[in-house]
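Since the structure comes first, as structure tokens, the remarks are kept for the end.
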Amino acid sequence: MSVPYKIEVSEELLLGSSSGEQPRASARIPIIARPFVSDRAKKTLDIIERFVEEECIPADTLYAQQIGGGSVEERFSARPPILDDLKKRATELGLWNMFLPKNHFTQGAGFSNLEYGLMAEYLGKSHIASEATNCAAPDTGNMEVFAKYGTQEQKDMWLKPLLAGEMRSAFLMTEPDVASSDATNIELRIERQGDEYVLNGSKWWSSGAGDPRCKIYIVMGKSDPNNSSLYKQQSVIFVPADTPGITIKRMLSVFGFDDAPHGHGHLIFENVRVPASNMCLGEGRGFEVIQGRLGPGRIHHAMRSIGAAEKALEYFLARMNDPRKKPFGKQLFEHGIMLERVAHSRIEIDSCRLTVLNAALMIDSKDAKFALKEIAEAKVLIPDMLLKVLDRAIQAYGGAGVCQDTPLANMWAHGRTMRIVDGPDEVHLVQLGRNENKRGKWLLEKIEWQKKKSEEMARSYGFEKKDVLELNRQHSKAKL
């Protein structure tokens with residue numbers, strides 16, 4: 001693969017040549033976040049922008065072509081050469097494992113959650129940029145699990161090759177026969193038999209399971225169904241993908257897209273035996289593990305979604321300024337309603353970016369548990385914003401917006417899943433509302449106290465409480 005550029009600190013961004021050219025990425029960091037971004041992170045951000053814009057986005061269509069249109073088996077066995085070339089290029093540029101925050105892990109590239117949030121925005125503009133830099137889900141969250149909870153033996157066996165990009169992984173939690181949005185419903189059984197655990201059950205929406213490079217599953221199941229605590233019945237265990245008894249029954253489509261070769265699998269476990277040493281953290285600690293994993297994962301999705309929204313707006317603006325397209329004798333930017341939609345999109349993207357960066361900064365200040373409210377706010381708000389911006393762009397393109405001629409339809413399909421993955425909107429909204437309502441009784445007492453205080457202040461100045469618009473006008477008195 002060619003190496004078309006080498007960025008120096010003083011080099012100006014070459015993308016674009018019109019009066020609408022943007023300054024480089026580091027100059028566009030929101031001013032409120034700049035004090036928390038190192039010079040090294042700023043330089044890396046500029047490199048990522050060029051890598052994504054000049055190499056990854058142009059490679060997206062080639063990646064799809066190299067997967068091909070063959071059989072299901074062929075598509076889910078494909079290994080597009082362009083991806084390996086981009087990985088090599090990313091390592092040359094120092095763009096590798098940026099997601100592991102420096103204040104929590106030693107295995108990453110040494111950036112904070114906030115700094116990675118700015119970088120992930122650009123990765124979210126390309127289908128393959130995250131994987132090219134070894135920052136793709138579900139591997140990011142899975143690597144955090146190994147780094148945070150794994151034994152040294154488990155880290156040596158699975159974390160090291162994941163960090164090196166030598167294999168991939170999957171996280172198996174959701175099940176087809178229960179309401180998995182409530183994880184206490186999980187039914188896959190994990191039973192201890194001697195020095196082994198035996199697993200029986202099924203999982204679906206196991207992202208990444210279709211890829212032959214996926215070598216390890218992180219599986220949540222029920223190990224102690226009779227425990228009096230609903231939150232201590234579950235455990236998380238590491239299961240090698242080639243363990244006898246596992247069947248990848250089928251792959252699941254996302255609004256018709258199969259996402260090969262990564263994909264989302266429906267898996268069956270029949271008497272699957274794994275060593276007892278594969279247990280993560282200990283029996284009954286499954287909720288502890290998944291909460292530690294899903295918090296950062298939710299913020300990663302939100303970070304990338306900001307980039308996807310920016311890309312949708314770029315497509316929207318390009319369509320508005322295409323001189324070949326003139327409905328009713330005018331270009332789209334000459335129609336006021338389109339400018340209004342652009343303005344709303346700009347406001348919403350910028351507002352959501354601050355929400356994500358605030359959540360990232362809260363995690364940096366302590367940990368994900370400390371930032372539960374901010375993570376939930378971002379998890380709900382950002383996908384909703386992304387879908388709105390995408391819908392406006394699709395509407396501007398008309399038929400081209402819903403077919404393969406633009407990436408917008410595929411982006412919308414994946415954006416819509418963000419309202420479900422890692423906990424549906426409803427779960428986060430109920431929890432946010434419940435926590436917010438805890439202030440209700442105190443607020444009622446405060447407001448009543450303020451009313452009484454107002455009356456006392458009025459009397460101290462010789463006034464009685466009276467409505468400022470009190471009129472008491474009568475045209476005539478009623479006869480007795």
Side-chain angles (χ1 to χ4, degrees), residues 99 101 113-114 116-117 120-121 124 137-138 140-142 144-145 171-175 178-186 204-207 218 220 230-231 234 236 254-255 264 286-309 348-391 412-440:
F99 68 95
N113 276 294
L114 183 138
Y116 175 62
E121 176 177 328
T140 48
N142 293 343
E144 289 192 9
V145 168
F171 182 68
L172 280 57
M173 178 176 167
T174 306
E175 298 181 1
V178 297
S180 300
S181 57
D182 176 358
T184 63
N185 289 328
I186 295 300
W204 72 344
W205 292 107
S206 305
S207 297
I218 298 180
M220 183 179 185
L230 287 175
Y231 300 96
Q234 299 79 16
V236 167
V254 179
F255 291 100
H264 315 278
F287 265 88
E288 182 179 348
V289 175
I290 65 168
Q291 287 303 322
R293 181 194 184 279
L294 293 178
R298 288 162 182 154
I299 202 70
H300 292 169
H301 282 313
M303 293 165 174
R304 289 187 292 266
S305 294
I306 297 292
E348 291 160 5
I349 292 172
D350 287 353
S351 300
C352 285
R353 179 182 292 110
L354 295 179
T355 298
V356 175
L357 295 180
N358 179 60
L361 188 58
M362 287 292 288
I363 299 174
D364 286 334
S365 68
K366 195 171 182 181
D367 54 31
K369 188 175 182 179
F370 181 67
L372 288 178
K373 178 174 76 72
E374 289 76 15
I375 292 172
E377 289 170 348
K379 170 65 174 68
V380 172
L381 182 64
I382 278 67
D384 185 61
M385 174 278 297
L386 171 58
L387 293 175
K388 288 179 181 177
V389 177
L390 278 166
D391 186 71
W412 186 92
H414 289 90
R416 183 61 183 83
T417 66
M418 291 300 103
R419 293 190 56 205
I420 300 172
V421 298
D422 291 350
D425 285 1
E426 293 80 1
V427 172
H428 298 289
L429 288 168
V430 167
Q431 189 62 45
L432 280 168
R434 183 181 293 126
N435 288 336
E436 193 70 14
N437 190 56
K438 290 177 181 178
R439 303 190 303 138

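Numbers for residues simply follow the sequence, beginning at 1.
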Does some side-chain heavy atom of His301 sit less than 4.5 Å from a side-chain heavy atom of Lys379?
no
Is Lys369 reaching over with its side chain to a backbone N or O of Gly292, donor-acceptor style, under 3.5 angstrom?
no
Walk me through whether Ile306 and Met303 qualify under side chain to side chain contact (heavy atoms under 4.5 Å, CB included).
CA-CA 5 Å; Ile306 297 292; Met303 293 165 174; 5.9 Å; no
Between Ile382 and Ser305, the two heavy atoms sitting closest are CG2-CB, 3.4 Å
State, with a plain yes or no, whether a side-chain heavy atom of Trp205 is found less than 4.5 Å away from one of Ile420.
no
Exercise: identify the closest heavy-atom pair between Ile299 and Val356:
CD1-O, 4.0 Å
With Ile218 as partner, the option from Val236, Ile290, Val289 fulfilling side-chain contact (heavy atoms from CB on, under 4.5 Å) is Val236
Side chain of Arg298, backbone of Asp422: donor and acceptor closer than 3.5 Å?
yes
So does Glu175 get a backbone contact from the side chain of Ser180, meaning a donor-acceptor N/O pair under 3.5 Å?
yes
CG-CE distance between Asp384 and Met418, expressed to the nearest 0.5 angstrom
14.0 Å
For the side chain of Thr417 and the backbone of His414, is there at least one donor-acceptor N/O pair under 3.5 Å apart?
yes
Going by side chain to side chain contact (heavy atoms under 4.5 Å, CB included), name the residues that satisfy it together with Ala371, two or more places apart in sequence or in a different chain.
Met362, Ile363, Glu374, Ile375
Look only at the side chain of Asn437 and the backbone of Gly440, and say whether a donor-acceptor pair between them is shorter than 3.5 Å.
no
Evaluate side chain to side chain contact (heavy atoms under 4.5 Å, CB included) for Gln431 paired with Arg434, printing each intermediate quantity in order.
CA-CA 5 Å; Gln431 189 62 45; Arg434 183 181 293 126; 3.2 Å; yes
Does the Lys373 side chain pair with the main chain of Asn435, one donor and one acceptor, at a distance under 3.5 Å?
no
For the residue pair Ala378 and Pro383, what are the closest heavy atoms and their distance?
O-CD, 3.8 Å
Backbone N or O of Leu114 within a donor-acceptor pair of the Asp364 side chain at under 3.5 Å?
yes
Test Arg353 against Glu121 for side chain to side chain contact (heavy atoms under 4.5 Å, CB included), laying out the working first.
CA-CA 9 Å; Arg353 179 182 292 110; Glu121 176 177 328; 2.9 Å; yes
For the atom pair NE2 (His428) and CZ (Arg419), what is the distance rounded to the nearest 0.5 Å?
11.5 Å
For Trp412, enumerate each residue passing the side chain to side chain contact (heavy atoms under 4.5 Å, CB included) test, keeping only those at least two apart in sequence or located in another chain.
Phe255, Leu387, Leu390, Ile394, Arg416
Could you state the interatomic distance from CD (Glu288) to CZ (Arg293), rounded to the nearest 0.5 Å?
15.5 Å
Return yes if some donor-acceptor pair links the side-chain N/O of His264 with the main-chain N/O of Val254 below 3.5 Å, else return no.
no
Could you pull out the closest heavy-atom pair between Ala183 and Met173, with the gap in Å?
CB-CE, 3.4 Å
When every non-hydrogen atom of Leu381 is compared with those of Cys352, the smallest separation belongs to CG-SG, 3.7 Å
Going through the distances and angles, do Phe171 and Ser207 end up as a side chain to side chain contact (heavy atoms under 4.5 Å, CB included)?
CA-CA 7 Å; Phe171 182 68; Ser207 297; over 6 Å; no
Answer whether the closest heavy-atom distance between the side chains of His300 and Pro138 falls below 4.5 Å.
no
Can you tell me how far CG of Asn185 sits from CG of Asp182, rounded to the nearest 0.5 angstrom?
4.5 Å
Counting C-beta onward and ignoring hydrogens, is there a side-chain heavy-atom pair between Tyr116 and Pro101 closer than 4.5 Å?
no
Interatomic spacing from CE in Met220 to OG1 in Thr174 - rounded to 0.5 Å
10.5 Å
